[in-house]
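These notes concern the structure reproduced below.
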Amino acid sequence: MAMFYFANWKMYQSFVSIKKFVQDYKKYGLSNPHNDTYLGIAASYEHLYFLQQKLQRTSVLLGAQDCSFFLQGAYTGQVALQSLQEMQVSFCIIGHSEARRYLGHTDQDIFLKFKMLVAAGISPILSIGETLQQKESGQTLQVLCDQLEQVLQFLQSYQGDLIIFIAYEPLYAIGTGIVPQEKELRDVFYCLHSMIQQLPAQQNIRFLYGGSVSQSTIVQLKNIKEISGFLIGKASIDFQELKKIVES
Ligand code: PGA
């Protein structure tokens with residue numbers, strides 16, 4: 001089963017640090033014994049073209065951290081899907097909790113982006129997750145169902161073969177060093193898998209985990225077979241650290 005490692009560089013990198021990352025990547029590489037490990041990098045917009053040029057002739061997948069739900073026009077500060085396509089971006093994160101929190105993205109906005117990305121042939125990584133308070137009051141599954149509702153409805157009639165990623169990223173795990181207990185994760189991923197059972201595109205839907213993935217948490221996380229990959233924030237900035245996670 002293929003494993004996907006997506007670096008979510010957020011707003012951590014600069015041109016200088018990216019240059020160093022790519023140099024290290026080219027020098028040390030990643031061991032990929034079964035040829036089924038994929039590395040993707042979601043860079044911020046200002047770095048995308050630069051990174052795309054640097055990663056030419058490598059197998060690294062290029063990704064964006066968000067996109068506009070408008071196609072074109074007078075939308076100051078937004079990023080058009082067409083430009084992402086022209087830069088050969090192959091995936092795009094949508095619904096990240098930081099975008100929901102700081103930019104006010106709603107489930108409706110995220111659904112519009114999801115449909116546009118699918119139509120454009122760019123794999124969405126739809127990020128979902130509950131707060132600590134919601135978890136403690138037993139609402140985890142309800143929150144996830146609500147965040148997925150429109151997307152699952154849409155997927156009932158989707159017959160295409162694009163890979164669609166759903167990333168479970170509990171908010172209390174992002175950037176805190178805390179990861180959910182193994183049993184909690186198994187329960188969540190079991191439910192997520194059962195939600196997609198009847199969908200025509202079921203084979204192409206992959207579940208990721210995100211939130212404090214690091215050298216010290218990855219081994220336990222890899223035990224959970226229902227997880228097909230990881231969305232890695234802070235620990236993905238330095239190539240050597242990321243390499244250890246991928247190769248653990
Ligand atoms: P983190 O972030 O690995 O720094 O916790 C993950 C994410 O927000 O995608």
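Just so you know, ligand 1 is whichever comes first in the structure, and atom 1 is the first atom listed for that ligand. The first residue in the sequence is number 1, and the count goes up from there.
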task: Please find out if less than 6.0 Å separates the ring center of Phe165 from that of Phe4.
output: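 That pair passes the under 6.0 Å test.
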
- request: Could you tell me whether ligand 1 has any atom less than 4.0 Å away from a heavy atom of Gly175?
  value: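 It does, in that a heavy atom of Gly175 comes within the 4.0 Å cut-off of ligand 1.
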
query: Would Gly210 count as a contact of ligand 1 if the rule is a heavy atom under 4.0 Å away?
result: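 Checking ligand 1 against Gly210, which is what was asked, there is no heavy-atom contact under 4.0 Å.
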
query: Could you walk me through whether Phe15 and Phe50 pass the ring pair (Phe, Tyr, Trp, His ring centres under 6.0 Å) check?
result: CA-CA 8 Å; Phe15 289 98; Phe50 179 71; 4.9 Å; yes

- prompt: So, for Gly210 and Val213, which heavy atoms are closest and what is the spacing to 0.1 Å?
  reply: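 It is CA-CG2, 4.4 Å.
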
For the 3.5 Å polar cut-off, considering only N or O atoms, please tell me whether [X] and ligand 1 meet it.
X      : result
Tyr12  : no
Lys234 : yes
Leu231 : no
Ile232 : no
Lys10  : yes

field: Asn8 contact mode with ligand 1 (heavy-atom cut-off under 4.0 Å)
entry: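 Contact part for Asn8 vs ligand 1: side chain (C-beta onward).
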
message: Among all the protein's non-hydrogen atoms, which is closest to atom 3 (O) of ligand 1, and how far away is it?
response: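 Checked against all protein heavy atoms, atom 3 (O) of ligand 1 sits closest to Gly233 N, 2.8 Å.
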
message: Give me the residue, atom name and distance of the protein heavy atom closest to atom 9 (O) of ligand 1.
response: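 Of the protein heavy atoms, Glu169 OE2, 2.6 Å lies nearest.
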
- prompt: For ligand 1, which atoms sit closer than 4.0 Å to a heavy atom of His96?
  reply: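 Within the 4.0 Å cut-off of His96, ligand 1 contributes 7 (C), 8 (O), 9 (O).
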
- prompt: Taking NZ, NE, NH1 and NH2 as the nitrogens, is one of them in Lys113 or Asp109 under 4.0 Å from a carboxylate oxygen of the other?
  reply: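 A salt bridge is absent here (no side-chain N lies under 4.0 Å from a carboxylate O).
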
task: Consider only side-chain N and O atoms of Glu182 and Gln220, and report whether a donor and an acceptor are under 3.5 Å apart.
output: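 Judged by distance alone, the side chains do not pair up.
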
query: For Gln133 and Thr131, does a side-chain donor sit closer than 3.5 Å to a side-chain acceptor?
result: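 Short answer, no.
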
- prompt: What's the spacing between Lys225 NZ and Met1 CE if we round to 0.5 Å?
  reply: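 Taking NZ in Lys225 and CE in Met1, the distance rounds to 11.5 Å.
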
Evaluation steps, side-chain contact (heavy atoms from CB on, under 4.5 Å), between Asn8 and Ile93: CA-CA 9 Å; Asn8 176 9; Ile93 300 172; 3.8 Å; yes

